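Worksheet: one structure, shown below.
Along the sequence shown, residues are numbered consecutively beginning with 1. In each ligand, atom 1 is the first atom listed, and ligand 1 is the first ligand listed. Here the structure is a predicted model, which is why all the values come from computation and not from measurement.
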Amino acid sequence: MAGTKRTPEEFSIDPATQEMLLRAEELGLETAFSRADAMKACPIGSDNLCCKNCSMGPCRIVKEGQTGVCGATADTIQARNFIRMVAAGAAAHSDHGRDMAFTLKEVANGETQGYVLRDVAKLRYIASKYAIPIEGRSPSEIANDLADLYIAQFGQQEGQVALISRAPKKRQEVWESLGITPRGVDREVVECLHRTHIGDDQDAEHILDHALQTALADGWGGSLIATDISDILFGSPAPILGEVNLGVLSEDQVNVVVHGHEPTLSNMIVAASQAPDILEYAKKAGAKGVNISGICCTANEVLMRQGIPAAGNFLQQELAILTGAVEAMVVDVQCIMQALVGIAENFHTEVITTSKKVKIKGARHIEFDEKKALDIAKDILRTAIDNYKNRGAVQIPDHRSPLIPGFSQEYINYSLGGSYRSSFRPLNDAVMSGRIRGLVGIVGCNNPREQHDYFHVKVAEELLKNDVLLVETGCSSIASAKAGLLVGEAGLDQVGPGLREVCEAIGMPPVLHMGSCVDNSRILTVLAQVVEEGGLGEDISQIPVVGLAPEWMSEKAISIATYVVASGVYTIMSGTAPIDSNPKVPDSMIVPELLSAGWEKKVGGKLEFINDVDTIVSKTLEHIDKKRAELGLPAYDPEAFGKSGDSRMLEIETLPVVDRREAIYG
Ligand code: SF4
Ligand code: MSK
């Protein structure tokens, strides 16, 4: 597709995105979409058959038998490139988790401004998992100990990351037997870089073993730490009504878009936007108020906890500025395009960087500090309000969709079991009976080399028709929300009969929004609880479950996919494969095979790259049915269900009144 010019409809299935891409063309402005057309991907880089790990190179392998100057073969080079992606992704997630742990420590010590320990029940529950004493102690004392324990996980040198104990016993034994139990988060990431330095690890399989270990330090370490602490500080998510898409921007209010990944500043900006002095300041500037919305995973953080609308997913960040209605785009870390500054120069939008770790040339920098969080949030909002008078022509697409986010593990437990005996029993029973055929997690980004949102939505729609319950995070969940799949009634029109019955009985949508990228760790702990509940095997690898990342683009997605595989789950990524086989280079077949059949043999999960919706769906269903058969569960039968619940009541209502009693009681 690269090198050809696509139409807005070919770029995206989302009408708001299409409208903004037309506006970009009219104004003669570039976006990631047009740049992807103009920038042909390097064919050698696409296969990951090049190495620039030392100055004897860069070396590229384009034919059989060729090696790098040092003698490195194609499989070694591909494995080294792959593990470096895992290291970068794991580092990004985990450094986020580290910052959250330090914030927890500061909050516990009363050193921050405006934060409280909002979910004390979760704090006590998590602390008890590590035998931190809770009885007779204040929340601050418990939080202090938990923060110390979590901070120690990053620099720990020996033993195992403490959070590993939350995985099923059998899974821990698999990791132990392979020697891939992560010791400390930083240690594993550093070892990736050491092993891939010139002259170190040169056995592809051995390199990839450490990729598994490093990714586990992310999923069952850094990411899980980030999720736990976000819940403790800002509350465990519960269902709340929200809205998504660019139509959430306001014509008569000051629009502040928060973008990135961290919940610390964004939650404070939301709180500050409701302060009387800020509202007064906005009114004096001629605006009706301050409208906060989000992009990417910062959007998910404030959406699932506070119902703050999401303006869009990854590929909509430039488009929000193109509306001309954004006074400030406030960014923290990860997935922030440098192009924001360039496009903002054509409008009045201020791009404001806030993290110590992220500056962008041309952006205003207002550094965030938890100790003065509320003051800084108000400064940022005043900067945005001051900018309102500079607003020019505005074009906000009239597209927004409702959604119900906030399905944390805690809430799913409550909704299935109630306050007194929270439980996953009804979920396990529904899978065992076949009402729910299986479970699929759809996660990850957008990629302008693919049609925006198409893979996410199409794959989701097809799986729902097949009675597969979906959990989603990150930009994938925003894509499904835009397509109307994250609301009860509307979503249920599109699902199979068995799944529909379950959703109606429990009162939940068929696609459960579980949060941001780091919250993929929630999916891991949900799977651990499914095992613990019983009836679906003793290990995650036995559950009829598949992981999908249909439009991935970031190194974080590679780390996520790797820890999901290491946890025992078949995982499919689509779009561009980071490691591809080149028929002219036979050794390039080795790493894809190691990631697939090789990993399946070792850890029970495998990683494949498939670029076709029908094949993704058929392989997903095939795997689910195989796992059902291995567990001795009844084969999936779509005809067996759908005769109860709301659909039955609607059917009965069509009968003459005299026949209804018999229809109900037989
Ligand atoms: Fe080339 Fe080997 Fe140096 Fe890589 S490490 S650039 S393959 S010489
Ligand atoms: S934001 S990593 S584009 S999901 Fe988490 Fe979206 Fe992917 Fe970033």
Check: Which residues and atoms, counting only protein N, O or S, are under 2.8 Å from atom 2 (Fe) of ligand 1?
Finding: C70 SG
Let me check something: any side-chain donor-acceptor pairs from residues 53-71 under 3.5 Å, sequence neighbours excluded? List them with distances.
from : atom 1 : to   : atom 2 : distance (Å)
N53  : ND2    : T196 : O      : 2.9
Q66  : OE1    : V62  : N      : 2.7
Q66  : OE1    : K63  : N      : 3.3

Checklist line | Number of protein N/O/S atoms that sit closer than 2.8 Å to atom 6 (Fe) of ligand 2 | finding: 1
Notebook entry, point to check: Taking all non-hydrogen atoms of both residues, which atom of A344 and which atom of V351 are closest, and how far apart?
Noted result: CB-CG2, 3.8 Å
Note to self: Regarding D231 and R522, does a basic nitrogen lie under 4.0 Å from an acidic carboxylate oxygen?
What the structure shows: yes
Margin query: Nearest 0.5 Å, please: how far is CD in E205 from CG in L208?
Written below: 8.0 Å
Check: Out of curiosity, N582 CG to D47 CG, how far, rounded to the nearest 0.5 Å?
Finding: 5.0 Å
Note to self: Nearest 0.5 Å, please: how far is SG in C51 from CD1 in I44?
What the structure shows: 13.0 Å
Item checked: Residue H365 excluded, over 12 heavy atoms near NE2 under 6.0 Å -> yes
Margin query: Need the ligand 2 atom indices (1-based, order shown) with element for anything under 4.0 Å from a heavy-atom of H261.
Written below: 1 (S), 5 (Fe), 8 (Fe)
Item checked: Atom of H261, atom of T298 and distance for their closest heavy-atom approach -> N-OG1, 2.8 Å
Item checked: Enumerated ligand 2 atoms positioned under 4.0 Å from heavy atoms of M553 -> 3 (S)
Item checked: R80, portion touching ligand 1 at heavy-atom distance under 4.0 Å -> side chain
Check: Which residue pairs satisfy the side chain to side chain donor-acceptor pair (under 3.5 Å) criterion with at least one member in residues 310-321, sequence neighbours excluded?
Finding: D14-Q316, T17-Q316, R35-E318, N245-Q316, H259-Q317, N313-N446, N313-H452, N313-D453, N313-K482, Q316-K482
Check: Are side-chain heavy atoms of V258 and V270 found at a separation under 4.5 Å?
Finding: no
Check: About how many Å separate NZ of K122 and CG of D228, when rounded to the nearest 0.5 Å?
Finding: 5.0 Å
